[in-house]
**Student:** 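Dumping the structure here so I can ask a few things about it.
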Amino acid sequence: MTTAWRKSVLLTPIKEPIGKFVAGARVKQIEFDGLPTNSLWTMYHEIEEALRERMTREKSLLDERIRVLNALKAGSRPYPAVPVKYRNPDRPNETWTGRGKRPRWMCAKLNAGHHLSDFKI
């Protein structure tokens with residue numbers, strides 16, 4: 001650890017007030033060498049408690065966001081069923097909605113000279 005770090009710490013701006021500090025304010029450097037050990041331990045425990053509370057609060061906010069996002073994802077409605085538009089006359093159980101890649105039976109029939117309108121339902 002460097003000597004500068006041990007002697008002083010610059011508290012960075014914060015988003016929300018903690019104790020008597022004002023949000024967004026820069027606090028002057030604190031000289032730790034002149035403080036008694038008991039005061040340093042007290043500050044340490046207060047900072048540790050403030051960090052623990054803030055981490056707990058932020059974790060609960062993140063958990064809530066995740067829960068909401070999962071609920072939105074799970075609650076999304078499925079796509080509606082698309083009606084069949086084309087049927088293979090040789091095998092009536094083979095159908096095609098007209099969406100996506102053409103099935104093999106359709107490609108084979110079209111290559112054989114049939115027209116798409118021949119298979120329309």
**Student:** Counting only heavy atoms from other residues, nucleotides and ligands, does the tally under 6.0 Å from NE2 of His115 exceed 12?
**Tutor:** no
**Student:** Within a radius of less than 6.0 Å around CG of Asp63, do more than 12 heavy atoms belonging to other residues, nucleotides or ligands occur?
**Tutor:** yes
**Student:** To the nearest 0.5 Å, how far apart are CG in Leu61 and OG1 in Thr56?
**Tutor:** 11.0 Å
**Student:** If you measure from the Lys or Arg side-chain nitrogens to the Asp or Glu carboxylate oxygens, is any gap between Arg57 and Glu53 under 4.0 Å?
**Tutor:** no
**Student:** Could you give the distance from NZ (Lys59) to CD1 (Ile66), rounded to the nearest 0.5 Å?
**Tutor:** 8.5 Å
**Student:** Taking all atoms of both residues into account, what is the closest heavy-atom pair of Met106 and Tyr86, and its distance?
**Tutor:** CE-CB, 3.8 Å
**Student:** Salt bridge check, Lys109 against Asp90: does any charged N sit closer than 4.0 Å to a carboxylate O?
**Tutor:** yes
**Student:** What distance do Ile47 atom CD1 and Arg52 atom CZ have between them, rounded to the nearest 0.5 Å?
**Tutor:** 12.5 Å
**Student:** Relative to each other, are the rings of Phe119 and Trp105 parallel, tilted or perpendicular (30° and 60° limits)?
**Tutor:** perpendicular
**Student:** For Leu116 and Leu110, which heavy atoms make the closest approach, and how far apart are they?
**Tutor:** N-CD2, 3.7 Å
**Student:** Hey, could you give me the CD/CH2 distance between Glu46 and Trp41, rounded to the nearest 0.5 Å?
**Tutor:** 13.5 Å
**Student:** So, for Arg87 and Pro92, which heavy atoms are closest and what is the spacing to 0.1 Å?
**Tutor:** NH1-O, 2.8 Å
**Student:** Report yes if some heavy atom in the side chain of Glu64 is under 4.5 Å from a heavy atom in the side chain of Arg67; otherwise report no.
**Tutor:** yes
**Student:** Within a 6.0 Å radius of atom CZ on Arg104, are there more than 12 heavy atoms belonging to other residues, nucleotides or ligands?
**Tutor:** no
